[in-house]
Amino acid sequence: MYIHWLQWKGINELKNLVNQIHKALSIGSGICIVKNVPIDDDNASYLSIAKAFGGEFHRDLRMPSRAMEADSVIYRVEEDPLNTNEYAYSATNAHFPLHTDCAHFLYPAQVMMLLCCQPSINDGDGKSILTNVDDVLKMLTEQQISDLATSQFPWWQGANQQVRAPILTKTAEGHWWIRFNQATLRREMGEDEFAKASALQSLIHVLNKIEVNPSHSISLASGDLLIVHNQRVLHGRTAFTSKSSRLLKRIRVRVPDL
Ligand SMILES: O=C(O)CCC(=O)C(=O)O
Ligand SMILES: [Fe+2]
């Protein structure tokens with residue numbers, strides 16, 4: 001896993017910084033960490049970076065308002081004692097397996113950002129887990145890849161909208177993109193169908209292997225801003241100590257040309 005390390009050097013260097021992020025996400029590994037982003041109460045520096053992509057902010061209006069900031073652009077990833085949604089891992093201290101965000105949306109966001117405001121109190125837990133789709137595909141057979149690219153999986157089966165899509169998609173430039181969240185799929189497919197889908201099970205097996213490899217996880221420090229290309233990179237996190245006041249702030253941006 002290759003991380004592009006960048007530095008926040010003030011608002012005057014914003015344009016330069018965002019150019020570098022753009023490059024890291026499009027032609028680099030898809031993963032970068034910007035160090036020393038100010039953690040101000042009004043989120044000014046963070047929002048200035050997010051805005052500079054020129055994309056459309058994804059607002060998650062279904063989440064409880066107590067978890068939102070900046071007109072619902074920022075979602076607070078923290079353990080929430082009032083959370084009752086069993087699928088909202090982001091509001092618990094549990095292990096969050098490798099996934100892409102918005103897997104059940106028709107158009108998932110391309111940019112997923114997490115600003116670490118407060119790491120877990122224990123150094124060894126609440127670590128970010130990261131892997132590029134190309135590293136995942138190296139561990140699958142041609143047949144498995146082809147199955148994941150041709151089967152239409154049921155991501156969302158609401159009354160007003162159906163989202164069916166393959167897990168893998170090849171772009172016009174010949175790059176693989178991924179859409180994946182195993183909890184969402186298990187819910188929509190049902191336990192039996194989910195267990196019978198063999199290419200899907202192989203993918204989960206590979207992701208589990210990647211997760212236990214220490215070279216795929218990293219502890220974010222306060223002021224570290226993790227940015228990933230949400231179709232080229234899967235992210236997750238290890239479980240962390242309850243009531244440790246770990247806090248990450250998440251922003252997702254749709255940037256169709258990325
Ligand atoms: O807590 C983390 O480090 C990751 C959270 C996450 O992936 C999410 O909220 O979608
Ligand atoms: Fe996520």
Side-chain angles (χ1 to χ4, degrees), residues 1 3 25 30-34 37 39 46 50 57-64 66-70 72-81 83 85-105 107-133 136 155 167 177-185 187 207 210-211 214 216-254:
M1 156 184 92
I3 298 176
L25 297 195
I31 307 171
C32 68
I33 297 179
V34 184
V37 175
I39 313 208
Y46 188 17
F57 288 136
H58 170 107
R59 287 181 164 79
D60 211 339
L61 299 168
R62 297 165 312 172
M63 288 306 196
R66 63 177 181 273
M68 308 305 297
E69 289 180 17
S72 299
V73 166
I74 295 180
Y75 171 78
R76 297 169 62 93
V77 177
E78 64 190 333
E79 185 182 13
D80 179 354
N83 173 56
N85 178 354
E86 64 172 304
Y87 292 97
Y89 287 96
S90 58
T92 71
N93 67 322
H95 166 221
F96 195 158
L98 281 166
H99 64 281
T100 60
D101 277 11
C102 321
H104 58 298
F105 284 57
Y107 303 109
Q110 284 79 21
V111 178
M112 196 292 300
M113 323 172 81
L114 288 167
L115 175 61
C116 177
C117 299
Q118 176 76 58
S120 167
I121 39 171
N122 288 325
D123 266 358
D125 66 21
K127 285 180 137 190
S128 303
I129 315 166
L130 297 160
T131 189
N132 188 288
V133 64
V136 176
W155 295 101
I167 289 174
W177 278 12
I178 186 160
R179 173 196 284 264
F180 193 66
N181 181 316
Q182 55 176 296
T184 309
L185 264 190
R187 176 185 65 195
L207 295 179
I210 291 174
E211 288 207 348
H216 283 277
S217 56
I218 182 162
S219 294
L220 296 179
S222 174
D224 283 358
L225 171 59
L226 169 68
I227 310 176
V228 301
H229 191 305
N230 188 46
Q231 266 98 71
R232 300 184 51 220
V233 171
L234 295 130
H235 66 277
R237 61 122 200 270
T238 63
F240 58 94
T241 315
S242 185
K243 303 188 183 67
S244 83
S245 60
R246 178 183 189 269
L247 170 64
L248 271 51
K249 291 186 181 180
R250 184 183 73 204
I251 299 181
R252 298 163 174 159
V253 198
R254 288 194 202 91

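Since the model is a prediction, treat every value here as computed from it, not as a measurement. Atoms within a ligand are numbered from 1 in the order they appear, just like the ligands themselves. Numbers here simply count residues along the sequence, with the first being 1.
Taking only non-hydrogen atoms, the option from M112, E79, K127, R246 nearest to atom 3 (O) of ligand 1 is R246. Closest heavy-atom approach to atom 10 (O) of ligand 1 within the set D101, L114, I129: this belongs to D101.
Considering both main-chain and side-chain atoms, H235 comes within under 3.5 Å of ligand 1 through a nitrogen or oxygen pair. In terms of N/O distances under 3.5 Å, ligand 1 is not approached by R252.
For atom 1 (O) of ligand 1, the closest non-hydrogen atom of the protein is R237 NH1, 2.7 Å. Here the heavy atom of the protein found nearest to atom 9 (O) of ligand 1 is R250 NH1, 2.8 Å. At the shortest separation from atom 6 (C) of ligand 1 among protein heavy atoms lies F96 CE1, 3.7 Å.
Checking side-chain atoms of Q110 against main-chain N and O of V228 turns up no donor-acceptor pair under 3.5 Å. In terms of modelled atom types and a separation under 3.5 Å, the side chain of E69 and the main chain of R76 share no donor-acceptor contact.
Close approach of ligand 1 to S90 (heavy-atom distance below 4.0 Å) involves ligand atoms 9 (O). Short contacts between ligand 1 and V77, defined as distances under 4.0 Å to a heavy atom of the residue, involve ligand atoms 1 (O), 5 (C), 9 (O).
Summarising the geometry, atom CZ belonging to F240 is positioned 5.5 Å from atom CG belonging to N93; distances are rounded to the nearest 0.5 Å.
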**Q.** Criterion side chain to side chain contact (heavy atoms under 4.5 Å, CB included) on Y75 and D60, from CA distance to verdict
**A.** CA-CA 8 Å; Y75 171 78; D60 211 339; 5.7 Å; no

Q) Stepwise, does the side chain to side chain contact (heavy atoms under 4.5 Å, CB included) test hold for M113 with R252? A) CA-CA 6 Å; M113 323 172 81; R252 298 163 174 159; over 6 Å; no

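The aromatic ring centroids of H58 and F105 lie less than 6.0 Å from each other.
For the pair R254 and Y107, the cation does not sit on the ring face, since its NZ or CZ is not both under 6.0 Å from the ring centre and inside 45° of the axis.
Rounded to 10 degrees, the NE2-metal-OD1 angle spanning H235 and D101 at the Fe ion (ligand 2) equals 90°.
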